[in-house]
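FYI, side chains are in, hydrogens and waters are out, and symmetry mates aren't considered; it's all heavy atoms of this structure. All ligand and atom numbering here is 1-based and tracks the order in the structure.
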Amino acid sequence: MLFDTHVHLNVSHFDEDREEVLKRAKEAGVEYMVIVGFDHETIPKAIKMAEQYDHIYAAVGWHPIDAIDMTEKELVWLEELADHPKVVALGEMGLDYHWDKSPKDVQKAVFRKQIQLAKKVQLPIIIHNREATEDIIGVLQEEHAEEVGGIMHCYNDSVDYVDTCLDMGFYISLGGPVTFKNATLPKEVAKYVPMDRLLIETDCPFLAPHPNRGKRNEPAYVRLVAEQIADLRGVSYEKLSEQTTENAKRFFGIEV
Ligand SMILES: [Zn+2]
Ligand SMILES: [Zn+2]
């Protein structure tokens, strides 16, 4: 049993074979997934798929790369969607300093507004971080994000920041990079995070795990992430998959 906590089956990469991708996920043991919407196009698609399938849930937020496009209108829209029974988190939101479409101060302002909204609607948040860990932590602390909790999605920084995230009640989610041969940081993190605060994800169609690196990623491959982490921690695959699934269900408030 696996829970892929971060997927983008709502993008065009899956338009040709979405049903087959879902079938392969089932066969690989993926029992739950959260589809993350991040803009005008992907948010309605995430909601639609969550309505269509019992085992699929949705998260809605505004991506930091496009922060400059978010107005009051989008914020009101997110607030309305937060009421939807299958929406289990707000995000992804955060800071992305790799791309410069949105200036840093705009990204920070949009990030803050979404944290404030999460506190208002009482939903946890999913954090996207690229080259911005210290600023992310600063904003989370200033906005008291610990009141709702969240996920550091596809965590890719060193172990040094993990305790601060855990202290805020956050979970650490690892994806494909933990399987890359040269990726030392995620491997260290995989061993360090307490078992009850660890999550797994694909972030598909991006970041496919070894040996599919460079190809289109899909939820079935979350199994490779789980196998690698189990191996690093010296626990069985069954134990690791069971515990991460339980963590995700607790985090998203999903009962069965
Ligand atoms: Zn992301
Ligand atoms: Zn994502």
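- When only modelled atom types and interatomic distance are considered, Glu201 and Thr5 share no side-chain donor-acceptor pair under 3.5 Å.
- Counting non-hydrogen atoms of neighbouring residues, nucleotides and ligands closer than 6.0 angstrom, the CG atom of Asp54 reaches no more than 12 such neighbours.
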**OP:** Could you please spell out the steps behind the salt bridge (charged side-chain N to carboxylate O under 4.0 Å, His left out) verdict for Glu51 and Lys86?
**Re:** CA-CA 7 Å; Glu51 286 172 345; Lys86 294 296 285 287; over 6 Å; no

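- Of all protein N, O or S atoms, those under 2.8 Å from the Zn ion (ligand 2) number 4.
- When the side-chain hydrogen bond (donor to acceptor under 3.5 Å, both in side chains) test is applied to Asp39, the partners found at least two apart in sequence or on another chain are Thr42.
- The ring pair (Phe, Tyr, Trp, His ring centres under 6.0 Å) search around Phe251 returns Tyr171, not counting sequence neighbours.
- The side chain to side chain contact (heavy atoms under 4.5 Å, CB included) test applied to Thr179 returns Pro209, His210, Gln228, not counting sequence neighbours.
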